[in-house]
There are 4 protein chains.
Amino acid sequence: MSSRKVSDTKTLHCEEESSVKALGRKRCPLTHQNILCATRTLLEEIGFADLTIEGIAERAGVGKTTIYRRWPNKASLVLDAFIEATIKEIPFPDTGSVQEDLRLQMRRLIKWMNGVEGHTIAKLIGGAQDDAELAEAFRSRWLTGRREEARQIIQRGKERGEIRADLDPEVLLDALYGPLYFRLLVGHAPLTPGYADKLVSLVMRGLDS
Amino acid sequence: MSSRKVSDTKTLHCEEESSVKALGRKRCPLTHQNILCATRTLLEEIGFADLTIEGIAERAGVGKTTIYRRWPNKASLVLDAFIEATIKEIPFPDTGSVQEDLRLQMRRLIKWMNGVEGHTIAKLIGGAQDDAELAEAFRSRWLTGRREEARQIIQRGKERGEIRADLDPEVLLDALYGPLYFRLLVGHAPLTPGYADKLVSLVMRGLDS
Amino acid sequence: MSSRKVSDTKTLHCEEESSVKALGRKRCPLTHQNILCATRTLLEEIGFADLTIEGIAERAGVGKTTIYRRWPNKASLVLDAFIEATIKEIPFPDTGSVQEDLRLQMRRLIKWMNGVEGHTIAKLIGGAQDDAELAEAFRSRWLTGRREEARQIIQRGKERGEIRADLDPEVLLDALYGPLYFRLLVGHAPLTPGYADKLVSLVMRGLDS
Amino acid sequence: MSSRKVSDTKTLHCEEESSVKALGRKRCPLTHQNILCATRTLLEEIGFADLTIEGIAERAGVGKTTIYRRWPNKASLVLDAFIEATIKEIPFPDTGSVQEDLRLQMRRLIKWMNGVEGHTIAKLIGGAQDDAELAEAFRSRWLTGRREEARQIIQRGKERGEIRADLDPEVLLDALYGPLYFRLLVGHAPLTPGYADKLVSLVMRGLDS
DNA sequence: GTATAAACGAGACGGTACGTCAGGTCTTTCT
DNA sequence: AGAAAGACCTGACGTACCGTCTCGTTTATAC
């Protein structure tokens, strides 16, 4: 049961042909780490838009070619760097109450969105608007997992009878998390912890009926 | 009172010194239109990211300088072109029922989001992630106006007693519209007309209590 | 009649469309000079093979694009720089004796070949082996003119009766100058001033018969 | 005395330590041949300048390292490939007349220069202008041998009394062969068989006096 | 036999330069 | 003075090879 490994996690997006035999010299894993590390650092220092492959290469003490050999474009690299750094953050709680579970997790997410990572993820979603690959990567490697966990909270609530069974979890999750990303991306209003409370109490009012 | 027209609409963002005297050659109004038109066309053809000032200038038969003289950057120009083209679409209805008003408007918005304009606005929000000016312009020139209209719908509902008076309209609007933009930008699920219905019925359940 | 100007000489190889009217900003002549100067300097410092456009651009304080806008390739640029610097050297004498004229000029050429310019011209001919454009440019802009002058020396000799009239001047000139270039390019033996004397006395023995 | 074989001819320039013992796996002679063959083919196909070690390695089905283990640089390899292919061509005749011997051999050389090999040797001399090693190799492995043979023709002539004994053979050979290489490299005039005749009759006029 | 040593194909690696593109500024000429 | 054309410097792009360096495998002598 505990055998569900989250899989390798290490190399996520970069080209890797595992088919045949692995001929020739092995790819140095340190190099990999150096590049991701340099990317993360620069991302915080100068932001996504001003990030250049050349800059990353220099910072990592690596040839540009080495980067291009492993990642098809800037976005994929940044996504790798980003996910590697944040994959384990913002855990989902299990308090016994759906509403409380979601409220707590949303508060954590808001706090996280107000930090550097929030900025980065906004840029990634922004970049995904003209990069289908990045968009797909963002969905499959960031959103899907978290979404699945949130769905389980709802499922638990349904089993406990807190929520009526015919509720579409997708709509509920969108109604809760959509506004957070909305404010993050558009910035028309601040993302305060209290915002989570208000959203939960508004959206989840009377879901047991 | 209601005569406050949204004003000229024509030149919105571009520098325009009307104060002094209007010396020298007049700015050709056709040029203006040509540039906006070329921008719109190219925006649809190749997208925001691949859009270049040089390309627009060429397509419009205009010097690069002329563009730079009128707009500070690509984003402003695109926003101008975009808003000019869509300012009058997606009207807000007044059926006498808040829920129905919002539902109808959201359906229209969804329809519109599924077209070219939806694509464009997604790119604009995307671009705004690394362009503070564009972000601000997007908020003040696109969102604010529409938001105000939506707020009035809610206000009417409060006056009619459909909605309890202490409800925070910002949270409600976010809970309704946030999910739409969320799906538009992230694309994890389709934007169907029925989605509007589901959202409205989920979020607005029991708001009169 | 004597109005045959050797033409402008200034801009020789670089693209220049003089047809219409010359719209837009003028090409800065200083830039031109800076580039040629930097090229010459670097040519002497590091040689033709290690010469890079990037290096020249940097040394000249100029963008790479500016160079590419004016010259199609490294060779043309170098040829321009080279010819501009040496176009007036190694004059052809007129002593009244063909043999003496040629001998003197060959001695001067040998001296010149032993200097930096000789090295450069060797590299240019070398480069011309895989660059048809450079080859043509070298012939038309360097060789042709000098060849014509040498031909006139021979013509004068024929008129004076020093040389029999049916002699093919091309073969004679090749027999005299070919060996110089041969030694310059292959380096199997030194280029001494006495070599000129020996060649002249060998090749021109009995040309009056 | 005539036992001085020009040695093995097979591996000429490539590193080869025969001293100690020859431990480990032997160098595959087929590999050697494959590399030289690929080099020759590519040389004809794309020319010296566009020739790359990587390309040769691929064509030969060989690792780059294997090439670098055997030749210090591109030039040496090309020279090996070239010489291996042409070492036995253009024999020196012995008709009993110096003038006739040289004339015949020059005609053969001209014919050969007009073929692919002429092109290649021009490129090699060209490449030698920025590669001292190649220059030296070209002289010692191509020119010297042929030059020695030509010198013997002249020597025979002197012994027969056809040519006066004090003639410097170097100058004579330069005066005859220099022009051929001159035209080959500069291309200002065609290399026709008749050119050999003209040169011989011009340069060798009255050498018996 | 079984080490051990080199050759070998493959390909990763840090570099350098390439030639192109777009950015945003400046200059010239014409209207 | 405004407009159009285009020169200009800058800086990053993605590519091609360079020559060096591991890899794992294959082939040979040497113990």
Side-chain angles (χ1 to χ4, degrees), chain A residues 17 20-32 50-55 57-58 60-70 72-74, chain B residues 21-28 30-31 50-58 60-70 72-74, chain C residues 17 20-28 30-32 50-58 60-70 72-74, chain D residues 17 21-28 30-32 50-58 60-70 72-74:
Chain A
E17 75 300 335
V20 267
K21 233 337 195 5
L23 225 59
R25 176 172 171 180
K26 293 285 133 63
R27 282 187 179 172
C28 174
L30 211 70
T31 296
H32 211 98
D50 291 348
L51 207 62
T52 67
I53 297 283
E54 238 156 38
E58 193 189 11
V62 142
K64 260 200 297 182
T65 329
T66 302
I67 295 181
Y68 281 113
R69 206 179 285 123
R70 290 160 184 256
N73 51 54
K74 192 172 78 170
Chain B
K21 243 320 194 22
L23 222 60
R25 177 169 169 181
K26 292 285 134 56
R27 282 190 178 171
C28 173
L30 213 69
T31 296
D50 291 347
L51 206 62
T52 66
I53 296 281
E54 241 155 35
I56 295 170
E58 193 189 11
V62 142
K64 265 198 294 180
T65 332
T66 303
I67 296 182
Y68 281 114
R69 202 177 291 121
R70 291 161 186 255
N73 51 52
K74 191 171 78 171
Chain C
E17 75 299 334
V20 268
K21 228 357 192 344
L23 221 60
R25 177 172 171 180
K26 291 284 133 61
R27 281 187 180 173
C28 174
L30 212 69
T31 297
H32 210 98
D50 291 349
L51 207 62
T52 67
I53 296 283
E54 236 155 38
I56 295 171
E58 192 188 12
V62 142
K64 263 199 294 182
T65 330
T66 302
I67 296 182
Y68 282 114
R69 204 179 290 122
R70 291 161 183 256
N73 51 54
K74 192 171 76 171
Chain D
E17 76 300 334
K21 242 332 192 4
L23 219 63
R25 178 171 169 180
K26 291 285 133 63
R27 281 188 180 171
C28 174
L30 211 69
T31 296
H32 210 98
D50 291 347
L51 207 62
T52 67
I53 297 283
E54 238 156 37
I56 295 169
E58 193 190 11
V62 142
K64 266 199 294 180
T65 329
T66 304
I67 296 182
Y68 281 112
R69 204 178 289 122
R70 291 158 186 257
N73 50 54
K74 191 172 77 171

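Just so it is clear, the model here is predicted, and its values are computed rather than measured. Below, chains carry the letters A, B, ... as their sequence lines are ordered, and counting in each starts from 1.
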Does D:Thr66 make a side-chain N or O approach to OP1 or OP2 of E:dA7 shorter than 4.0 Å? no
Could you work out, with side chain to side chain contact (heavy atoms under 4.5 Å, CB included) as the rule, every residue matching A:Glu58, not counting sequence neighbours? none
Between A:Leu23 (CG) and F:dT26 (C1'), how many Å, whole number? 13 Å
Looking at residues at least two apart in the chain, or sitting in another chain, which of them share a side chain to side chain contact (heavy atoms under 4.5 Å, CB included) with C:Ala60? C:Asn34, C:Ile35, C:Ala38, C:Val62
Taking the nucleotide of DNA chain F with the closest heavy atom to each, which residue, B:Val62 or C:Val62, is nearer the 5' end? B:Val62
Against the side chain of C:Arg27, the closest entry in E:dA10, F:dC8, E:dC13 is F:dC8
Donor-acceptor contact present, side-chain A:Lys74 to main-chain A:Leu51, <3.5 Å: yes
Between C1' on F:dA12 and CD1 on A:Ile67, what's the gap in Å once rounded to a whole number? 13 Å
Calculate, to the nearest 0.5 Å, the distance between atoms NE2 and CG belonging to C:His32 and C:Leu30 respectively. 11.5 Å
By nearest heavy atom, map A:Cys28 and D:Gly63 onto DNA chain E; which one lands nearer the 5' end? D:Gly63
Filtered N/O pairs between nucleotides 16-20 of chain F and protein, under 3.5 Å:
residue	atom	partner	partner atom	Å
F:dC18	OP1	D:Ile53	N	3.1
F:dC18	OP2	D:Ile53	N	3.2
F:dC18	OP2	D:Glu54	N	3.1
F:dG19	OP2	D:Tyr68	OH	2.6
F:dG19	N7	D:Lys64	NZ	3.1
F:dG19	O6	D:Lys64	NZ	2.7

Can you tell me if A:Arg70 touches the phosphate of E:dA12, counting only side-chain N or O atoms and a distance under 4.0 Å to OP1 or OP2? no
State, yes or no, whether a side-chain contact exists between D:Arg27 and D:Thr66 at a heavy-atom distance under 4.5 Å. no
Under the salt bridge (charged side-chain N to carboxylate O under 4.0 Å, His left out) rule, collect the residues that match up with A:Lys64, sequence neighbours excluded. A:Glu54
Length of the NZ-P vector between C:Lys26 and E:dT25, whole Å: 23 Å
